[in-house]
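Bear in mind the structure is a predicted one, so any value in this text is a computation, not a measurement.
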Amino acid sequence: MIVEVQGADDRLADYTRLTDVALRRRLETERGLYMAESTKVIARAVAAGHEPRSFLMAPRHYAEMAPIIASAVGCQGRGDGGAVPVFLAPEPVLEAITGFHLHRGALAAMHRPALAGVPDLLAAARRGRGARRVAILEDLVDHTNVGAVFRSAAALGVDAVLITPHCADPLYRRSVRVSMGTVFQVPWTRIDPWPATEELHRVGFTVAALALSRDAVSLDQFAASPACTGAESRVALVLGTEGDGLSARTVARADAVVRIPMAGGVDSLNVAAAAAVAFWAVRTG
């Protein structure tokens with residue numbers, strides 16, 4: 001249904017709380033919602049089968065959003081959203097409601113999908129052929145880095161992402177935005193408890209920890225090894241938190257410790273940059 005809004009409205013509570021971090025966390029976890037921002041991101045969420053709770057946009061963006069809304073509610077030609085509210089408001093009102101300038105077309109409050117278990121996620125990847133390249137994000141705290149890693153994963157052939165219990169939320173608004181909606185393309189779930197590599201070993205994965213360690217092999221050497229070159233090779237790359245890197249327990253449980261060769265006196269890269277380099281090096285083609 002189309003709902004025209006001219007100011008504060010109780011029906012917009014999902015959007016008015018965006019500027020309060022604590023309330024946003026409650027909104028996105030306890031109530032099972034997340035925010036999708038921009039026409040492209042919403043389109044990718046809908047294509048992934050995620051269900052909208054409502055939409056919010058300026059009238060000038062409605063024509064572009066109408067086909068996406070129709071697809072989301074499962075009825076072509078129903079760009080009015082059917083039973084799902086489509087809130088339209090002038091841009092100054094939108095900025096007052098959300099607390100920021102909404103310049104990417106639209107927002108949507110989306111219901112969170114249930115997360116799959118690790119075995120099911122890995123088995124279902126690549127349209128049921130099973131994952132061969134997996135990224136594991138250990139306790140990343142920066143939502144921008146999480147989003148950037150997902151974007152690289154989508155672009156460079158990573159089949160699934162596993163995140164540890166304390167890793168930042170991939171469906172946090174900033175993560176979704178930075179990823180350009182690729183958090184909906186790359187299958188992901190939480191791996192808990194961690195570190196627990198047995199589940200990965202059972203299905204044939206070599207677990208490689210990216211870390212600065214004396215016994216680390218170069219990424220070039222690892223990428224040329226049978227662990228990566230075998231016809232059905234399965235590799236899980238573990239990337240650590242921005243400040244301290246990987247925990248000692250994780251490094252100890254890994255099958256290989258891998259470092260990216262550096263020049264210019266630089267000892268490490270930002271985790272998102274390191275992820276992109278490593279994903280490219282071990283890609284399956």
Side-chain angles (χ1 to χ4, degrees), residues 44 48 118 121-122 124-127 129-140 142-164 167-168 170 175-191 194-195 197 200 203-213 216-242 245-246 250-251 254-263 266-285:
R44 285 180 170 167
V118 172
L121 185 89
L122 297 178
R126 295 195 307 143
R127 299 183 178 180
R129 292 175 292 160
R132 291 188 56 198
R133 295 294 183 267
V134 170
I136 301 174
L137 309 186
E138 181 180 85
D139 299 352
L140 300 193
D142 189 317
H143 294 93
T144 297
N145 283 335
V146 171
V149 170
F150 267 88
R151 189 171 182 180
S152 293
L156 299 172
V158 172
D159 302 313
V161 175
L162 306 178
I163 64 174
T164 62
C167 183
S175 298
V176 173
R177 185 173 70 247
V178 170
S179 81
M180 294 298 292
T182 54
V183 294
F184 311 125
Q185 290 179 230
V186 182
W188 67 274
T189 194
R190 290 196 181 267
I191 183 167
W194 178 259
T197 56
L200 295 164
V203 289
F205 276 90
T206 297
V207 179
L210 268 72
L212 299 176
S213 174
V217 300
S218 75
L219 179 59
D220 296 330
Q221 183 180 347
F222 178 69
S225 71
C228 295
T229 60
E232 292 300 320
S233 64
R234 299 177 186 273
V235 176
L237 295 172
V238 192
L239 298 131
T241 185
E242 293 85 352
L246 293 173
T250 295
V251 173
D255 302 303
V257 183
V258 179
R259 59 176 175 80
I260 298 173
M262 299 285 173
V266 178
D267 64 354
S268 64
L269 295 174
N270 165 273
V271 65
V277 172
F279 295 164
W280 186 86
V282 304
R283 70 196 186 284
T284 56

- Item | Thr189: side-chain hydrogen bond (donor to acceptor under 3.5 Å, both in side chains) partners, not counting sequence neighbours | none
Let me check something: any side-chain donor-acceptor pairs from residues 151-162 under 3.5 Å, sequence neighbours excluded? List them with distances.
residue: Ser152; atom: OG; partner: Ala148; partner atom: O; Å: 3.4
residue: Asp159; atom: OD2; partner: Arg132; partner atom: N; Å: 2.8
residue: Asp159; atom: OD2; partner: Arg133; partner atom: N; Å: 3.0

For the backbone of [Y] and the side chain of [X], can you confirm whether one donor and one acceptor N or O come within less than 3.5 Å of each other?
{"X": "Arg234", "Y": "Leu200", "value": "no"}
{"X": "Arg259", "Y": "Leu210", "value": "no"}
{"X": "Ser218", "Y": "Gln221", "value": "yes"}
{"X": "Asp255", "Y": "Val207", "value": "yes"}
{"X": "Ser179", "Y": "Gly147", "value": "no"}
{"X": "Thr250", "Y": "Leu246", "value": "no"}
{"X": "Ser175", "Y": "His143", "value": "yes"}

Check [X] against [Y] and note the closest heavy-atom contact, atom names and distance.
{"X": "Ala227", "Y": "Thr206", "result": "CB-OG1, 3.9 Å"}
{"X": "Gly240", "Y": "Leu140", "result": "O-CD2, 3.0 Å"}
{"X": "Cys167", "Y": "Val146", "result": "SG-CG2, 4.3 Å"}
{"X": "Val235", "Y": "Cys228", "result": "CG2-SG, 3.9 Å"}

Indicate yes or no: at least one non-hydrogen side-chain atom of [X] is less than 4.5 angstrom from one of [Y].
{"X": "Ile163", "Y": "Pro170", "result": "yes"}
{"X": "Val178", "Y": "Phe150", "result": "no"}
{"X": "Val257", "Y": "Val217", "result": "no"}

- Query: Thr197 and Phe205: side-chain contact (heavy atoms from CB on, under 4.5 Å), yes or no, with the steps?
  - Reply: CA-CA 9 Å; Thr197 56; Phe205 276 90; over 6 Å; no
- Separation between CG of Leu137 and CG of Leu237, rounded to the nearest 0.5 Å: 10.5 Å
- Message: To the closest 0.5 Å, what do you measure between CH2 (Trp194) and OG1 (Thr164)?
- Response: 8.0 Å
- Query: Do Glu138 and Thr241 have side-chain atoms, one donor and one acceptor, less than 3.5 Å apart?
  - Reply: no
- Message: Could you walk me through whether Asn270 and Asn145 satisfy the side-chain contact (heavy atoms from CB on, under 4.5 Å) test, starting with their C-alpha distance in whole Å, then the side-chain angles of each, then the deciding distance to 0.1 Å, before giving a yes or no?
- Response: CA-CA 8 Å; Asn270 165 273; Asn145 283 335; 3.3 Å; yes
Taking only distance into account, with no hydrogens and no angle test, what donor-acceptor pairs under 3.5 Å do side-chain atoms of residues 276-285 form with protein atoms, sequence neighbours excluded?
residue: Arg283; atom: NH1; partner: Trp280; partner atom: O; Å: 2.6

